[in-house]
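Here's the structure, in structure tokens; my notes come after.
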Amino acid sequence: MPELPEVEIRRQYLETASLYQTISHIEVEDRKLLTTDYNTLVTALVGRQFTGTRRVGKNLFVLTDLPSVIVHMHFGMTGDLDYYHASLERPRFARIVFEFTNGFNLGFLCPRKFERIGLLDDIDAFLKRKKIGPDGLSISLPELTERVRRKKALIKPVLLDQRIVAGLGNWIVDEVLFQAYVNPEQRADTLTDNQMSKLHAAIQLVLETAVRYEATYRDFPKSFLIHVREWDDSPYDDLEAHKYCPRCKSRIERSTVGGRTTFFCPTEQVILQ
DNA sequence: CAGCATGTTTGAAG
DNA sequence: GCTTCAAACATGCT
């Protein structure tokens, strides 16, 4: 589920569990998960300690006691972390394992192998090379407006584009557009000042809410659209209730926009132009 | 079993 | 250069 909030939770988890412990070894089950040659990775990291973290969008950077040695983690669609004692059995899908001299391991869980780990020596250079835009939690309204309005594509794919604003994924974009009363198929360059303002507020609201509830969807406010998604083991009794707009009770529509499954309220999310 | 999936990259085509 | 669309990646879940 790694969109920005989930990555932020993983960042906090790593920071709590794994700093200032010396790395003794790294197990890698499948080297395709590495963006850096295995031997280079091991040589650079064995003997090092993690000393801090930084997150930009869905990217997690782990700093070490050597400033030029930085670990980059991307959690793909299903990546996770698990810190466990080495005497325990390796967690399922822990295909990359950092072993520390204190007898604990940090497992990088990759059920679908879409996840990646690699080395960097300069975060800003990496962000520039990948053209990663400003983080969703810190982008200003004028900056968002400028970046969104210069695109002619549909607003949903624009918000999914990590070069415009970093950290929003499929469900968050649906939620943001719902909270901002914007139709996912409206052209990005036609958004009014009022819409941009609502969009910016919605991004902050959704991201902050998701981080606050540690990305546990079922705990989100009832006013959120996310509850229509099937993978929400809802807190509500009536499963049918999920299919309706929490505000106006219209039936929520499911379509495909920019190649991605999209949920929206056809009554409240209308195209303005 | 078939279909779908929270992400990213790449390539083809207009 | 821009946009759209599809495929690919590899696997798990329903």
Side-chain angles (χ1 to χ4, degrees), chain A residues 1-11 28-35 55-60 72-82 91-96 107-118 126-127 129-133 135-136 147-178 184-190 203 206-207 209-211 213-220 224-234 239 242 254-264:
Chain A
M1 302 132 210
E3 300 187 33
L4 184 153
E6 291 94 339
V7 177
E8 174 61 18
I9 298 303
R10 285 154 178 68
R11 185 192 71 75
V28 177
E29 176 191 297
D30 184 341
R31 294 185 183 191
K32 284 184 192 153
L33 299 171
L34 301 177
T35 54
R55 182 194 56 71
V56 177
K58 304 172 190 173
N59 299 280
L60 176 59
H72 171 237
M73 297 184 177
H74 194 287
F75 295 94
M77 291 209 286
T78 49
D80 206 350
L81 295 174
D82 190 6
R92 196 179 179 204
F93 308 129
R95 305 187 202 275
I96 297 177
F108 183 72
L109 280 45
C110 342
R112 291 181 206 175
K113 297 191 179 180
F114 277 13
E115 304 74 10
R116 292 294 181 269
I117 280 183
F126 172 84
L127 294 173
R129 179 162 54 82
K130 298 293 236 175
K131 301 186 172 134
I132 306 289
D135 189 78
R147 300 175 78 87
V148 164
R149 286 237 185 94
R150 70 185 179 205
K151 306 297 285 187
K152 294 174 188 145
L154 306 180
I155 185 63
K156 171 155 182 175
V158 166
L159 292 178
L160 283 172
D161 188 340
Q162 303 299 298
R163 297 171 300 183
I164 307 296
V165 50
L168 313 194
N170 200 34
W171 82 255
I172 289 184
V173 167
D174 279 2
E175 190 67 58
V176 163
L177 292 172
F178 175 73
E185 299 197 79
Q186 183 167 343
R187 297 274 160 187
D189 60 353
T190 68
I203 289 173
V206 174
L207 293 180
T209 300
V211 171
Y213 291 105
E214 300 190 334
T216 304
Y217 311 122
R218 63 178 178 281
D219 296 339
F220 290 5
F224 272 46
L225 181 69
I226 189 163
H227 301 296
V228 306
R229 290 194 176 250
E230 293 157 9
W231 34 267
D232 174 22
D233 293 338
S234 98
L239 289 176
H242 290 199
R254 178 187 170 133
S255 64
T256 300
V257 179
R260 309 297 300 276
T261 296
T262 300
F263 293 94
F264 69 101

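Chain letters run A, B, ... following the sequence lines, proteins first, then strands; residues in each count from 1.
When the side-chain nitrogen and oxygen atoms of A:K152 are compared with OP1 and OP2 of C:dC2, none of them lie within a distance under 4.0 Å. Side-chain nitrogen and oxygen atoms of A:K130 include at least one within less than 4.0 Å of the OP1 or OP2 phosphate oxygen of B:dT9. The phosphate of B:dC4 has neither OP1 nor OP2 within less than 4.0 Å of any side-chain N or O from A:R260. Within the structure, every side-chain polar atom (N or O) of A:H74 is placed at least 4.0 Å from both OP1 and OP2 of B:dG7. In terms of phosphate contacts, A:T261 brings a side-chain nitrogen or oxygen within less than 4.0 Å of OP1 or OP2 of B:dA5. Dashed line: the shortest gap from a side-chain N or O of A:K151 to OP1 or OP2 of C:dC2 is not under 4.0 Å.
If you take CG of A:L109 and P of C:dT11, they are 15 Å apart, rounded to a whole angstrom. Computed from coordinates, the A:L60 CG to B:dG7 P distance equals 17 Å when rounded to whole Å. Atom CG in A:D189 sits roughly 10 Å away from atom P in C:dT3 (whole-Å rounding). Going from atom CZ of A:R92 over to atom C1' of C:dG12 covers 8 Å, rounded to whole Å. Put simply, NZ on A:K113 is 23 Å from P on B:dA5, counting in whole angstrom units. In this entry the distance linking CE of A:M77 with P of B:dT8 reads 10 Å, nearest Å. Distance, A:R112 CZ to B:dC4 P: 14 Å, rounded to whole Å. Distance A:R10 CZ to B:dG7 C1': 13 Å, rounded to the nearest Å.
When all heavy atoms of A:G136 and A:L207 are compared, the pair lying nearest together is C-CD1, 3.6 Å. Smallest separation of non-hydrogen atoms from A:T35 and A:G118: OG1-CA, 3.1 Å.
One N or O on the side chain of A:E115 and one on the backbone of A:K113 form a donor-acceptor pair closer than 3.5 Å. No donor-acceptor pair closer than 3.5 Å links the side chain of A:E29 to the backbone N or O of A:R95.
Residue A:G259 is out of contact with every strand shown, counting any heavy-atom pair closer than 4.0 Å. Contacts of A:R187 with the nucleic acid, taken as non-hydrogen atoms under 4.0 Å apart, involve only primed sugar atoms and P, OP1 or OP2. As judged by a 4.0 angstrom heavy-atom cut-off over every strand, A:Q162 is placed among residues touching the sugar-phosphate backbone only. The residue A:F75 sits apart from the nucleic acid: no heavy atom pair falls under 4.0 Å.
For the C1' atom pair drawn from B:dC1 and C:dC9, the interatomic distance equals 22 Å after rounding to whole Å.
More than 12 heavy atoms of other shown residues, nucleotides or ligands fall within 6.0 angstrom of atom CZ in A:R150.
Between A:F114 and A:R163, the residue whose closest nucleotide on DNA chain C is further toward the 5' end is A:R163.
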Audit row: A:R260, A:D174, salt bridge (Lys or Arg N to Asp or Glu O under 4.0 Å) steps and yes/no:
CA-CA 10 Å; A:R260 309 297 300 276; A:D174 279 2; over 6 Å; no

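Closest to the side chain of A:R254, out of B:dT8, C:dC13, B:dA5, is B:dA5.
Base-pair partner of B:dC4: C:dG12 (Watson-Crick or G-U wobble, both distances under 3.5 Å).
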